[in-house]
There are 2 protein chains.
Amino acid sequence: MSLRHALLGLLSERPASGYDLLKLFETSLANVWPATQSQIYTELTKLAGTGLIAVTAEGPRGRKEYALTDEGMAELRHWLTETRPQRAVRSDMMLRVFFLGVLSPEQARGYLAELVDLSDQACEDLRGLMDSIDWEDGNLSVYGRMVLEYGLRFNAMRREWAQWAADLID
Amino acid sequence: MSLRHALLGLLSERPASGYDLLKLFETSLANVWPATQSQIYTELTKLAGTGLIAVTAEGPRGRKEYALTDEGMAELRHWLTETRPQRAVRSDMMLRVFFLGVLSPEQARGYLAELVDLSDQACEDLRGLMDSIDWEDGNLSVYGRMVLEYGLRFNAMRREWAQWAADLID
DNA sequence: ACTGTACATTCCAGTATTGACATGTCACTA
DNA sequence: TAGTGACATGTCAATACTGGAATGTACAGT
């Protein structure tokens with residue numbers, strides 16, 4: 001159900017088309033809630049159907065600009081304040097670690113070394129993102145930056161952990 | 001596709017019934033790849049259909065014990081060595097942070113304070129889990145412990161971050 | 001005038017996941 | 001012996017997600 005709220009959240013900042021939202025997902029939200037193009041367009045149609053958002057303008061190439069309605073804003077606030085976040089986080093990466101025992105120690109170490117590289121790469125990407133973003137925006141800018149910091153800390157933590165774990169195999 | 005491999009991984013340690021696997025998911029795997037009962041039984045049937053696992057014994061109450069076949073083991077190894085883990089991690093919790101701007105600073109701070117508590121709680125739960133597990137087992141024990149350590153570090157990191165973020169709002 | 005690229009949307013089949021409901025057995029104990 | 005709780009599986013409808021195909025428009029540069 002979070003995709004719905006992710007869209008409401010983005011639209012709370014400013015009106016946007018499906019295409020705009022897709023780009024926003026690719027940059028800012030990709031690291032916390034990835035979504036595909038088909039999913040976004042489908043959900044926008046549903047959201048418009050239930051009145052949480054509305055088409056406020058039409059542009060070239062069939063562009064439809066959506067904006068949050070009062071009901072949509074109410075739903076967004078309700079989600080943020082009245083519902084508890086899910087504790088469960090799925091991690092393919094960590095799931096694999098459980099079963100490294102079926103591989104040789106060398107292979108297991110190799111996997112963990114890969115995680116180190118991957119975390120480094122992710123950190124670098126986030127830093128690139130940080131530089132590329134126009135930080136003059138509204139609320140999303142302040143809180144988006146917070147999430148970015150989280151990403152950096154998270155990857156640093158994972159890097160250290162993978163290093164530690166790889167050393168442990170010896 | 002990871003549930004399939006999670007099951008293969010657990011069965012690589014020892015044969016087990018759907019019920020056993022369900023319990024294993026509830027404890028060890030709940031934090032990296034949650035799965036429901038219906039999903040597990042459905043997947044076991046499919047896996048048995050494709051020959052990656054096989055029923056090796058039947059017990060009371062219709063209990064069916066599954067074991068990994070050679071093909072299943074090959075598939076598990078293939079997954080671990082030949083396929084890249086997904087970088088994307090969905091986090092409801094962090095998604096919300098993006099949109100805290102629609103709330104008052106007090107409410108936003110409240111949410112972050114909740115994350116601090118939640119992380120503390122998670123740490124405590126993991127420590128409880130650590131004490132309750134029989135660490136004399138095979139491979140799963142070694143690598144399961146690694147994942148547990150990851151959980152502890154992860155929650156500690158998140159705690160610090162949430163604290164930092166809450167302070168930032170002032 | 002042509003061409004490539006970015007813009008922009010819709011639809012679909014297949015798979016994964018959720019959250020029930022339904023059914024029955026076995027062991028223990030009050 | 002009646003009841004409870006743990007054991008054990010199967011099924012279903014609804015929703016979420018993936019990955020791709022199909023279609024077409026506007027614009028900038030050559």
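By convention in this document, chain letters (A, B, ...) are assigned in the order of the sequence lines, proteins followed by strands, and residues within each chain are numbered from 1.
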Contact check, side chains of A/F25 and A/L7, non-hydrogen atoms, under 4.5 Å:
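Answer yes - side chains close enough.
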Distance, rounded to the nearest Å, where [X] contributes [atom1] and [N] contributes [atom2]:
| X | N | atom1 | atom2 | result |
| --- | --- | --- | --- | --- |
| B/K46 | C/dT15 | NZ | P | 8 Å |
| A/L22 | C/dC7 | CG | C1' | 11 Å |
| A/R63 | C/dA8 | CZ | P | 5 Å |
| A/Y19 | D/dC27 | OH | P | 14 Å |
| A/L44 | C/dT10 | CG | P | 9 Å |
| B/Y41 | C/dT17 | OH | P | 18 Å |
| A/E43 | C/dT9 | CD | C1' | 16 Å |
| A/E58 | C/dA8 | CD | C1' | 12 Å |

Check this one for me: any side-chain N or O of A/K64 less than 4.0 Å away from OP1 or OP2 of C/dT10?
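For A/K64, the contact criterion (side-chain N or O under 4.0 Å from OP1 or OP2 of C/dT10) is met.
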Least distance between heavy atoms, A/I169 atom then A/A108 atom:
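Of all heavy-atom pairs spanning A/I169 and A/A108, the closest is CD1-CB, 3.8 Å.
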Could you tell me whether A/R109 and A/D170 have a side-chain N and a carboxylate O separated by less than 4.0 Å?
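So A/R109 pairs with A/D170 through a salt bridge.
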May I ask you to say whether A/R96 pairs ionically with A/D92, meaning some side-chain N is under 4.0 Å from a carboxylate O?
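The answer is yes: the pair qualifies as a salt bridge.
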Could you encode protein contacts along nucleotides 18-29 of chain C as a string, one character per nucleotide from 5' to 3', using B for base contact, S for sugar-phosphate-only contact and - for no contact, with a heavy-atom cut-off of under 4.0 Å?
BBB---BBB---
Check the orientation of A/F154 and B/F154. Use parallel for under 30°, tilted for 30 to 60°, and perpendicular for over 60°.
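If you compare the ring of A/F154 with that of B/F154, the planes turn out perpendicular.
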Quick one: sort the B/W164 and B/W161 rings into parallel, tilted or perpendicular, breaks at 30° and 60°.
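Rings of B/W164 and B/W161: tilted, as their planes differ by 30° to 60°.
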